[in-house]
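This report concerns only the one structure given below.
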Amino acid sequence: MNYIIHYDIAAIIVTVVIGIHFYMKKNISTVQNRIFKALLVVELLASVFDLMTVFAIRNPMSFIRPLHYVLNVVYLAMFNLTPVVYFTYILKVIKKTASSSRKEKLLLVVPISICELLIVTSPIHGLIFRIGQNGEYIHGLLFWFLYAVSLYYVAMSQYYTIRFRKFFSAGQIVSVSCYTVFCFIIIITQAFFPSLLMTQFAVSIAVLLIYFSLENPLNYEEKDLGTYNKTAFERVAFELIGSETPFQVLGIEIEGMKYITDALGVENANRLLKQFSELILTIADKEKVFFMGGYRFVILSEKNGNWDEIIAEIQERFSVPFLTDTVSVTMSAPMCVVAYPKNAKRLADIMTLLDIGIVEANQISGTPVIYANDELLKKGRREAEIVQIMKYALYEHKFEVYYQPIYSVEKKCYVSAEALIRLRHEEFGYISPEEFIPIAERNGLILEIGEFVFCEVCRFISEAHLLERGIEYIDVNLSVVQCMQSTLYMQLLDIMNRYKLPYNCINLEITETAAVMSQETLIENMDKLREYGINFSLDDYGTGFANTAAVVKYPFHTVKLDKSMVWSAMDDKKAMSALKYSIAMLKEMGMELIAEGVEELRQAQLLEEMGCDFFQGYYYSKPVCGAEFLEKLAEMEKRGSIEKLNIMEA
């Protein structure tokens, strides 16, 4: 028979090119990865031995008969093993770290075992093939069984891919389907035209499809930084957990990169990030380094996890500035160490511990490190639960907006109120804003919460006709994240237009932190909103280090004196002097002043003497729900009517 060997040569070339590309890239060592390597080896051996058998058949006198048998046995064994390895690979994609069931093991092992046994023993019985007296190659009665078994494994691969399609992307399903159709066509063609030798070429093309869709190292590489990516970390960690292999991770967050990006531009920020990456790769030495997105890196070690040297080197490097083309930048790198299974037994818990640990470390000055423990995990799980509660509250409108009235010294009545968000849960009870707001800011929910509050306030003003009942405006707090949004002004104006409200019925409160962190974006938003008549208050005056600078730089209309400043002045002469001079200075700058935390008549009288315009605190009212706030307005209206009547009678 005149065999056409060009397809085998092409198969060898394709397989070798895939192998070279595969081994030149960064690879993660997982069971799935090792099965793919086995698939490459089996395919290459099958193609090479197919060529060798053809050479032996063409030159029968150059090979002794036993060698003919050996070459054909090895080729056929590799040929039929290829779809088995492929099916195993598909199962591993689906099962990840879990073991296959007994049924799946039988489906995997029994057909190939029978097939390989028939191939190996064929020199005895000749049912698969035999070598004639003159060295000619002759198919046996059961040779068709080899094709049937190959098609069986290809079909099973397709069946499992469709059945468990949630584990595959659309592109991966298409690749597997193409492999199935291609193999069916080629195997059937090969059965009818055995001289074409197309099977191995078809398999090599299928391996190429698998490589690009399922096993491409580029899927796990952060090319610009030279590290692995988050997908690679999750895959490696998941497999180590599945095999119960102890390991430790060190999470490192580059703190302040967001502001570097804003101040120096994306190009300089990326250059700094590259410096961080090279530093961590050098320090980590042979340990795997993963870039998790944002500005976080993770080092994974399967050793005992002695991090002292690595941590010390990172701390030493971050104690001096990093250089860009124009400036030197001092940064910090809060860190957290998590050990499996000591601190966490699930991948989700590891990620939670890294998140909460780095947040805790960031509250310590310098370049600190936190070692995960049960208490930290408990705190992290509570945070994760609160995130779910907030998502549910947003979806089901379970958040509540309370209103704390603000008393006017001049008008002797309530003229405004501050909108305050509240969250209650059946199991957790009351959850303080001081707890859930920072969590919402870290998890990105704060934008939705801020929009909900603003919509609810606008709805309340409209439906309760607050402007007709003496309320001039409602104070609404803006979070740091909201202030960073360049489209904030458009969103707020759109909501107010929806409820047909005058723009001056809203006053926006901004903390010093938000002002410092947002800067140019915030000023642009403030300028646009002020054009429509919306005013701004600087909240928590007296708690920061640059309040006066914030008052000067930003177009604030009102300043709110923090309750801590008010309370300390009542019992401390120095604090009282600071309060007096602060009020005098702010009044000189033309600011209206609201004193928070007014709980006693004595406080109100002193603050009025100093020149405060408005009071907010428990002496006048605690925060109340909308219905109670309306009741207070009704009482105020009734009291005002009585006073007017008394004046008229007098």
ask   = Do you know which two heavy atoms are closest between Ile370 and Gly357, and how far apart they sit?
value = CG1-O, 3.6 Å
request  = Using the side-chain contact (heavy atoms from CB on, under 4.5 Å) rule, take Arg422 and Cys625 through it: C-alpha gap first, then chi angles, then the decisive distance, then the call.
outcome  = CA-CA 10 Å; Arg422 295 291 182 262; Cys625 66; over 6 Å; no
query = According to the side-chain hydrogen bond (donor to acceptor under 3.5 Å, both in side chains) rule, which pairs have a member within residues 578-590, sequence neighbours left out?
reply = Lys587-Asp613
query = Step by step, would you call Asp539 with Ser537 a side-chain contact (heavy atoms from CB on, under 4.5 Å)?
reply = CA-CA 6 Å; Asp539 198 12; Ser537 297; over 6 Å; no
ask   = Any side-chain heavy atom of Leu376 within less than 4.5 Å of one from Val338?
value = no
inquiry  = Does this structure show an ion pair linking Glu608 with Lys412, if we count only N-O contacts that are shorter than 4.0 Å?
reply    = yes
ask   = Would you find a donor on one side and an acceptor on the other, under 3.5 Å apart, between the side chain of Asn497 and the backbone of Leu493?
value = yes
key: Minimum heavy-atom distance between Leu281 and Gly226, given as atom pair plus value   = CD1-O, 3.7 Å
request  = State, yes or no, whether a side-chain contact exists between His557 and Met591 at a heavy-atom distance under 4.5 Å.
outcome  = no
Side chains of residues 386-407: which donor-acceptor partners sit under 3.5 Å, not counting sequence neighbours?
from	atom 1	to	atom 2	distance (Å)
Glu400	OE1	Arg424	NH1	3.2
Gln404	OE1	Gln616	NE2	3.1
Gln404	NE2	Ser621	O	3.0

Glu222/Arg296 under salt bridge (charged side-chain N to carboxylate O under 4.0 Å, His left out): CA gap, chis, key distance, verdict = CA-CA 13 Å; Glu222 199 68 43; Arg296 181 178 299 181; over 6 Å; no
ask   = Of all residues at least two apart in sequence or in a different chain, which pass the ring-ring contact (aromatic ring centres under 6.0 Å, His included) check with Tyr532?
value = Tyr503
task = Considering only NZ, NE, NH1 and NH2 on the basic side and carboxylate oxygens on the acidic side, decide whether Glu472 and Lys411 come within less than 4.0 Å.
result = yes
inquiry  = Could you work out, with ring-ring contact (aromatic ring centres under 6.0 Å, His included) as the rule, every residue matching Phe290, not counting sequence neighbours?
reply    = Tyr228, Phe233
query = Rounded to the nearest 0.5 Å, how far does CD of Gln491 lie from SG of Cys455?
reply = 7.5 Å
inquiry  = Checking Lys379 now: which residues fulfil side chain to side chain donor-acceptor pair (under 3.5 Å) with it, not counting sequence neighbours?
reply    = Glu360
inquiry  = Using side-chain heavy atoms (C-beta onward) and a distance below 4.5 Å, is Ser432 in contact with Tyr430?
reply    = yes
Flag if over 12 foreign heavy atoms under 6.0 Å of CD, Glu316 = no
request  = Could you tell me which non-hydrogen atom of Met610 sits nearest to which non-hydrogen atom of Ile583, and how far apart they are?
outcome  = O-CG2, 3.3 Å
ask   = Can you list every salt bridge (charged side-chain N to carboxylate O under 4.0 Å, His left out) pair that touches residues 427-436, not counting sequence neighbours?
value = Arg382-Glu435
ask   = Do any N or O atoms from the side chain of Ser277 and from the backbone of Lys274 form a donor-acceptor pair under 3.5 angstrom?
value = no
ask   = So, the side chain of Tyr414 versus the backbone of Tyr620: is there a donor-acceptor pair under 3.5 Å, distance only?
value = yes
request  = Let me see the working for Tyr473 and Ile506 under side-chain contact (heavy atoms from CB on, under 4.5 Å), right down to the final yes or no.
outcome  = CA-CA 5 Å; Tyr473 59 86; Ile506 292 291; over 6 Å; no
request  = Just grab all the salt bridge (charged side-chain N to carboxylate O under 4.0 Å, His left out) pairs involving residues 436-455, residues at least two apart or on different chains.
outcome  = Glu383-Arg442
inquiry  = Nearest 0.5 angstrom please: Ile310 CD1 to Ile280 CD1, how far?
reply    = 10.5 Å
inquiry  = For a 4.5 angstrom cut-off between non-hydrogen side-chain atoms, does Ile314 reach Met335?
reply    = yes
ask   = Under a 4.5 Å cut-off applied to non-hydrogen side-chain atoms, are Asp540 and Glu596 in contact?
value = yes
message = Show every salt bridge (charged side-chain N to carboxylate O under 4.0 Å, His left out) that has at least one partner inside residues 477-502, sequence neighbours left out.
response = Asp494-Arg498
request  = Can you measure from CG (Leu501) to SG (Cys458) and round to the nearest 0.5 angstrom?
outcome  = 5.0 Å
remark   = In this structure, CG of Asn343 is separated from CD1 of Ile350 (nearest 0.5 Å) by 9.0 Å
query = Is it true that the side chains of Glu287 and Ser301 contain a donor and an acceptor less than 3.5 Å apart?
reply = yes
message = Can a donor-acceptor pair be found, under 3.5 Å and without considering hydrogens, that links the side chain of Thr487 to the backbone of Met490?
response = no
task = Please check if the side chain of Asn443 supplies one atom and the backbone of Ile439 the other of a donor-acceptor pair under 3.5 Å.
result = yes
remark   = Of all heavy-atom pairs linking Ser568 and Ala575, the shortest is O-CB, 3.6 Å
key: Rounded distance (nearest 0.5 Å) linking atom CD1 of Ile254 with atom OH of Tyr295   = 11.0 Å
message = Determine whether a donor-acceptor pair (N or O, by modelled atom type, separation under 3.5 Å) exists between the side chain of Trp567 and the backbone of Gly597.
response = yes
query = Is there a donor-acceptor contact under 3.5 Å from the side chain of Asp562 to the main chain of Ser564?
reply = yes
message = On a heavy-atom basis, which atom in Phe614 and which in Ser408 lie closest, and how many Å separate them?
response = CD2-CA, 3.7 Å
Heavy-atom side-chain proximity of Ile311 to Leu250 below 4.5 angstrom = yes
I'd like a table of donor-acceptor pairs (distance under 3.5 Å, sequence neighbours excluded) in which one partner is a side-chain atom from residues 524-531, with atom names and distances.
from	atom 1	to	atom 2	distance (Å)
Asn525	OD1	Tyr489	N	3.1
Asn525	ND2	Gln485	O	2.9
Asn525	ND2	Thr521	O	3.2

message = Closer than 3.5 angstrom, by distance alone: can the side chain of Asn507 be matched with the main-chain N or O of Ile474 as a donor-acceptor pair?
response = no
request  = Might you work through the side-chain contact (heavy atoms from CB on, under 4.5 Å) test for Phe297 and Met292, ending with a clear yes or no?
outcome  = CA-CA 6 Å; Phe297 293 84; Met292 306 296 284; over 6 Å; no
task = Kindly indicate whether the side chain of Phe291, heavy atoms from C-beta on, has any atom under 4.5 Å from the side chain of Val298.
result = no
task = Under the side chain to side chain donor-acceptor pair (under 3.5 Å) rule, collect the residues that match up with Ser416, sequence neighbours excluded.
result = none
query = Is Met570 close to Leu606 at the side-chain level, that is, under 4.5 Å between some pair of heavy atoms?
reply = yes
ask   = Closest approach of Leu467 and Pro502, non-hydrogen atoms and distance?
value = CD1-CG, 3.4 Å
task = With sequence neighbours left out, write down each residue that passes side chain to side chain contact (heavy atoms under 4.5 Å, CB included) with Arg459, or none if nothing qualifies.
result = Glu456, Glu463, Tyr499
remark   = Taken in chain and number order and not counting sequence neighbours, the residues that satisfy ring-ring contact (aromatic ring centres under 6.0 Å, His included) with His425 are Phe428
key: Gap between atom CD of Glu375 and atom CD1 of Ile356 - 0.5 Å precision   = 11.5 Å
